[in-house]
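Below is one structure, written out as structure tokens; comments come after it.
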Amino acid sequence: MIGVHSAQVIREAEDRFFEENPGADLMQIAARAVSDRAREMAPTGVTLVVVGPGNNGGDGLFAARNLAAAGRPAVAWLVTGQAHPQAVIAARQVGVKFVDSSTAMHMLPDVMLVIDAVLGIGGRPGLFPVVERFATACDDLCIPVLSVDVPSGLSTDEVTPTATSFRAAHTVTFAAPKLCHVGEPAAERCGSVEVIDVGLSLPEPDVRRLDEVDIARWWPWPTAVDDKYSRGVLGIDTGSERYPGAAVLSTTGALNAGTGMIRFVGPERAANLILDAMPSVTIGPGRVEAWLMGCGWGKQDRDAHAARLQAALESGLPAVVDADALEHLPKTVPDGWLLTPHAGELAAMLGVHRRVVEVDPIRHARQAAARWNTAVLLKGATQYVVEPSGRVTIAVPGPAWTAQAGSGDVLAGICGMLLAAGLPAWQAGALGASVQAMAAAHKPGPFPPAVIARTLPEVLGGLWTTLRSRAFVLPVEQ
Ligand SMILES: NC(=O)C1=CN([C@@H]2O[C@H](COP(=O)(O)OP(=O)(O)OC[C@H]3O[C@@H](n4cnc5c(N)ncnc54)[C@H](OP(=O)(O)O)[C@@H]3O)[C@@H](O)[C@H]2O)[C@@H](O)CC1
Ligand SMILES: Nc1ncnc2c1ncn2[C@@H]1O[C@H](COP(=O)(O)OP(=O)(O)O)[C@@H](O)[C@H]1O
């Protein structure tokens, strides 16, 4: 797990660092990381460094100095004509060539790498017009761009770009990732992201992103003393006459994630399809540990939907509440409910326009988590799980072709399995979204949602093997 921090938090940490370490030179650490990566990205040829007026430009210019000192041709364009004074002197001393905007543009087709050091965490969104034209030309000519800290033009703390920015193949950032590095669609403009530890002490993050190790550690692996009941029984009430497939998909997700036992209580047609495909699913009511509601209920017969949700409400059990059931949420919901809207559904829940949610997904997911006092998994290219406290957990990301009808049903099933196994709602949401993404990324796709669900055993089996091999080796070595 890695903490995601805002520009403001990084600045405060930097101030504390310099108070405690007067005279320390973080810029040299940053510049070294940038020049090392630049040498890997472009082992030969000219590197053109685009330099802004602040410390971000200083990082880039010292990186140019490092490259030139190592015998690599480096050219610098100071976009405002001004830059970090010591960096300018250092770059000149080792023969970095300084060029103006028209020369930079003219030579662009022949450079091997552009280092974008125009704006970092001090940048406001958008670029100077001449830099905007240059950034667009880099894109058009497919020139690899290495961005320093943040692709210039992006807003550090926002996930939705509002202006032209550089599109990096790789970004070297410092101390911690920021929201623009982890939240789509901004993240896609950062390329691969590398975090360099520059020695800052950071507070507990209120936004963190999971990685595969977290999934392996938190997954409710069965033990030798488990049986089908202790692993968790999931009640599923999904599907309708019109959308029986959603019931099949949600059940496929739950079964392949490893539910101890499934009781399906939805419509008969869906039950018959489920039995044909998954004979281990039991049909009809009985004791359960958690409920899964809403997938494929459709828009007809709303009174019946409200009654279906009421049954879960009265049970007081944890529940995954998805899709059409989200329209029937009461004012308060029992402990342990996980609401799983996509942006459009969250917008409807809050009475706002979808675009508003897309621009600031975290704020709106936090609003819903606070309003219903329960965990919310906001689905999409980046999946945010928000707790009523406001803490945000971002799931492991997956490939964009997961965006297809039925993926949400599978995801709801996986989350249902995790709730039935006893995990808290936020963790069920974060793990469920992560393993679906990992399954989708497991082999080059695209695959339909059911195939992604059927890939889960392979992905989970791989995680389990890795975890178990470590667990067995460690005690023997001690
Ligand atoms: N923290 C760390 O761990 C480390 C941080 N380090 C580095 O420091 C960087 C932050 O440096 P920074 O504070 O000097 O800000 P930076 O991003 O260079 O921009 C500020 C300048 O740009 C201008 N400006 C802004 N937006 C604009 C726009 N849209 N269009 C036009 N102008 C605009 C703004 O002018 P203003 O108009 O606001 O006066 C100001 O002159 C950080 O990203 C990292 O690279 C490393 O050295 C070491 C480790
Ligand atoms: N751009 C994307 N990249 C990766 N996954 C995505 C993207 N967009 C959507 N998804 C995933 O696709 C699923 C879509 O859910 P949803 O819209 O509820 O589908 P449905 O209701 O048809 O099953 C979610 O699991 C979401 O995480």
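Just so we're clear, the structure is a prediction, and the values are computed from it rather than from any experiment. Order of appearance sets the numbers: ligands from 1, and atoms from 1 within every ligand. Numbering starts at 1 and runs along the sequence shown.
- With a 4.0 Å cut-off on non-hydrogen atoms, A440 does not touch ligand 2 at all.
- Residue contacts with ligand 1: G122 is placed with a nitrogen or oxygen under 3.5 Å of a nitrogen or oxygen of the ligand (distance criterion only).
- In this structure a side-chain-to-backbone donor-acceptor pair under 3.5 Å is missing from H305 to H328.
- Using modelled atom types, one side-chain atom of D157 and one backbone atom of A7 make a donor-acceptor pair closer than 3.5 Å.
- The contact set between ligand 2 and L411, taken as ligand atoms under 4.0 Å from a residue heavy atom, comprises 25 (O).
- For ligand 1, the atoms lying closer than 4.0 Å to a non-hydrogen atom of D149 are 42 (C), 43 (O), 44 (C), 45 (O).
- Contacts between I121 and ligand 1 below 4.0 angstrom, taking non-hydrogen atoms only, involve backbone and side chain alike.
- With hydrogens and angles left out, the side-chain atoms of D139 and T136 include no donor and acceptor closer than 3.5 Å.
- Considering only non-hydrogen atoms, atom 28 (C) of ligand 1 lies nearest to L119 out of V172, T173, I10, L119.
- The part of Q436 lying near ligand 2 is the side chain, judged by heavy-atom distances below 4.0 Å.
- Within ligand 2, the atoms closer than 4.0 Å to a non-hydrogen atom of Q383 are 26 (C), 27 (O), numbered from 1 in the order shown.
- Between the CG atom in L456 and the NE2 atom in H442 there is a gap of 10.0 Å [rounded to 0.5 Å].
- Looking at G120 next to ligand 1, an N or O pair under 3.5 Å apart turns up.
- The line from CG of D36 to CG of N66 is 8.0 Å long, rounded to the nearest 0.5 Å.
- Taking only non-hydrogen atoms, the option from N56, L202, L127 nearest to atom 18 (O) of ligand 1 is N56.
- A donor-acceptor pair shorter than 3.5 Å cannot be found between the side chains of S250 and D409.
- At a 4.0 Å heavy-atom cut-off, ligand 2 touches T402 through backbone and side chain alike.
- Close N/O approach between G398 and ligand 2 is not found [any backbone or side-chain N/O within under 3.5 Å].
- Around atom CZ of R391, more than 12 heavy atoms belonging to other residues, nucleotides or ligands sit under 6.0 Å away.
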